[in-house]
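See structure below.
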Amino acid sequence: MQGRAFAKAFRLAPVPTTISTADDHRLIEVNEAFTKILGFRAQDVVGYAADDIGLWADDRDRRRFEAELTKANTVRDFEARLWAKGGEELECLVAAEAIMLSDRACILCSFQDITARRRSEEELVKAIEAVMADASRFSRDVVEKLAALRHPSQPGQSSAQPLGRLGAGARHRGRGCRRQALEGVKKWCSKTGSGSAEQPLEKLMNVNDLNGLAAVIRRFA
């Protein structure tokens with residue numbers, strides 16, 4: 001009964017899963033998800049080791065993985081790049097456990113595809129870098145808008161003149177201060193309910209409580 005339950009769970013596992021020999025890591029069985037995601041049919045890989053079919057993109061990762069498995073009989077959250085049969089490279093988290101099947105030492109191994117997650121993380125990092133590259137303009141726009149609202153220019157007077165020390169200081173601070181200023185504005189907005197830092201600049205700069213926002217910016221001027 002337990003054997004049938006294990007076999008069913010193995011076949012229906014949603015992530016690519018394999019069973020291989022413990023001594024030479026030759027594949028004994030692969031599940032449906034392995035065939036669907038990695039593209040290798042059982043008849044093409046059973047009897048072969050992972051390095052024979054070119055599964056690991058970096059052979060150093062494979063050797064390190066096998067060394068850790070030999071030492072501890074278990075591996076968790078091992079990051080590695082694998083090749084699908086069609087040539088696509090996949091970022092995976094690999095987990096493995098030493099088991100006994102019919103008095104034979106084997107390895108149960110699963111491969112969780114995290115390629116989409118990695119791409120999302122990279123896109124997020126790029127977006128953050130783009131925002132920080134534009135932080136100088138963001139800070140200047142906020143300060144100038146704030147100064148214009150607090151000190152309306154007289155006819156014929158430039159709106160940039162009332163900035164004084166506040167505007168000049170904000171323009172000449174380094175990236176670290178700009179980052180702190182942005183975080184301060186975000187916290188101020190969340191506390192006052194005046195909106196989110198993710199809102200358009202026009203909404204963020206037209207808030208009513210200018211004294212509170214001015215205090216935040218003045219700290220970094």
Side-chain angles (χ1 to χ4, degrees), residues 1-133 175-176 179 183 186 190 198:
M1 181 63 181
Q2 291 181 346
R4 290 197 299 270
F6 174 83
K8 184 175 182 179
F10 174 82
R11 290 195 306 271
L12 298 180
V15 297
T17 307
T18 65
I19 299 174
S20 59
T21 56
D23 52 358
D24 55 9
H25 299 280
R26 294 188 178 276
L27 294 171
I28 300 173
E29 187 65 76
V30 299
N31 70 346
E32 296 175 4
F34 185 91
T35 299
K36 180 179 179 180
I37 296 176
L38 293 172
F40 294 99
R41 299 179 302 172
Q43 55 266 38
D44 296 330
V45 296
V46 169
Y48 295 92
D51 56 328
D52 292 334
I53 62 176
L55 183 62
W56 293 75
D58 190 333
D59 198 57
R60 292 172 298 181
D61 288 340
R62 178 189 63 80
R63 292 196 299 268
R64 185 161 57 90
F65 168 78
E66 292 178 355
E68 290 186 14
L69 184 59
T70 300
K71 180 179 179 180
N73 286 330
T74 183
V75 174
R76 294 290 185 272
D77 297 329
F78 186 95
E79 295 191 17
R81 293 174 293 112
L82 304 180
W83 289 115
K85 188 176 182 180
E88 181 183 5
E89 186 177 88
L90 303 179
E91 295 276 352
C92 293
L93 285 180
V94 187
E97 188 83 23
I99 61 174
M100 294 295 295
L101 289 178
S102 301
D103 298 325
R104 185 177 186 182
C106 296
I107 301 297
L108 178 66
C109 189
S110 66
F111 308 88
Q112 181 184 358
D113 183 9
I114 58 171
T115 306
R117 190 177 82 184
R118 280 285 184 267
R119 289 173 181 169
S120 296
E121 291 172 352
E122 291 173 0
E123 291 173 359
L124 178 60
V125 169
K126 290 179 181 179
I128 293 174
E129 289 176 347
V131 169
M132 293 312 302
R175 178 177 296 179
R179 183 181 298 111
E183 289 299 322
K186 182 183 296 184
S190 63
E198 285 76 19

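Closest non-hydrogen pair, R76 versus A96, comes out as NH1-O, 3.1 Å. Considering all non-hydrogen atoms of both residues, F78 and R64 come closest at CE1-NH1, 3.5 Å. A pairwise comparison of heavy atoms in R81 and D61 identifies N-OD2, 4.4 Å as the closest pair. In terms of heavy atoms, T35 sits closest to F40 at OG1-O, 3.1 Å. Residue M100 comes nearest to A105 through the heavy atom pair SD-CA, 3.6 Å, listed as atom of the first residue, atom of the second, then distance. For I107 against A22, the heavy-atom pair with the smallest separation is CG1-CA, 3.9 Å.
Once rounded to the nearest 0.5 Å, the distance linking CZ of F34 with CZ of R41 reads 13.0 Å. For the atom pair NE2 of H25 and CD of E66, the computed distance is 4.0 Å after rounding to the nearest 0.5 Å. W83 contributes atom CH2, which lies 4.5 Å from atom CD of E89 (distance to the nearest 0.5 angstrom). The structure places CD1 of I37 at 6.0 Å from CG of D113, a figure rounded to the nearest 0.5 Å. Between I99 atom CD1 and N73 atom CG the span is 11.5 Å, to the nearest 0.5 Å. Atom SG in C92 sits 4.0 Å away from atom CG in L82 (nearest 0.5 Å).
Distance alone, capped at 3.5 Å, is enough to place a donor-acceptor pair between the R26 side chain and the G47 backbone. Between the side chain of T74 and the backbone N or O of A72 there is no donor-acceptor pair closer than 3.5 Å. Judged purely by atom type and a 3.5 angstrom limit, N31 uses its side chain to pair as donor or acceptor with the backbone of T17. Formation of a donor-acceptor pair under 3.5 Å by the T18 side chain with backbone atoms of V30 is not found in this model.
We find that R63 and D59 are joined by a salt bridge, their nearest charged nitrogen and carboxylate oxygen being less than 4.0 Å apart.
A 4.5 Å side-chain heavy-atom check between I19 and L101 finds at least one atom pair inside the cut-off. At least one side-chain heavy atom of R117 sits under 4.5 Å from a side-chain heavy atom of L93.
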Check step by step if side-chain contact (heavy atoms from CB on, under 4.5 Å) holds for E68 and T70.
CA-CA 5 Å; E68 290 186 14; T70 300; over 6 Å; no
Working note: L38 + L90, criterion side-chain contact (heavy atoms from CB on, under 4.5 Å); need CA distance, chi angles, decisive distance, verdict.
CA-CA 9 Å; L38 293 172; L90 303 179; 3.5 Å; yes
Would you sort out whether T115 and E91 count as a side chain to side chain donor-acceptor pair (under 3.5 Å), showing the intermediate values?
CA-CA 5 Å; T115 306; E91 295 276 352; over 6 Å; no
Yes or no on side-chain contact (heavy atoms from CB on, under 4.5 Å) for V94 and C109, after CA distance, side-chain angles and deciding distance?
CA-CA 7 Å; V94 187; C109 189; 3.6 Å; yes
Worked check of side-chain contact (heavy atoms from CB on, under 4.5 Å) between T21 and C106:
CA-CA 5 Å; T21 56; C106 296; 5.5 Å; no
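Within 6.0 Å of atom CZ in R104, 12 or fewer heavy atoms from other residues, nucleotides or ligands are found, so the atom counts as exposed in its surroundings. Around the OH atom of Y48, the shell of radius 6.0 Å holds no more than 12 heavy atoms that belong to other residues, nucleotides or ligands.
Ring geometry for F65 versus W56: interplanar angle of 30 to 60°, hence tilted.
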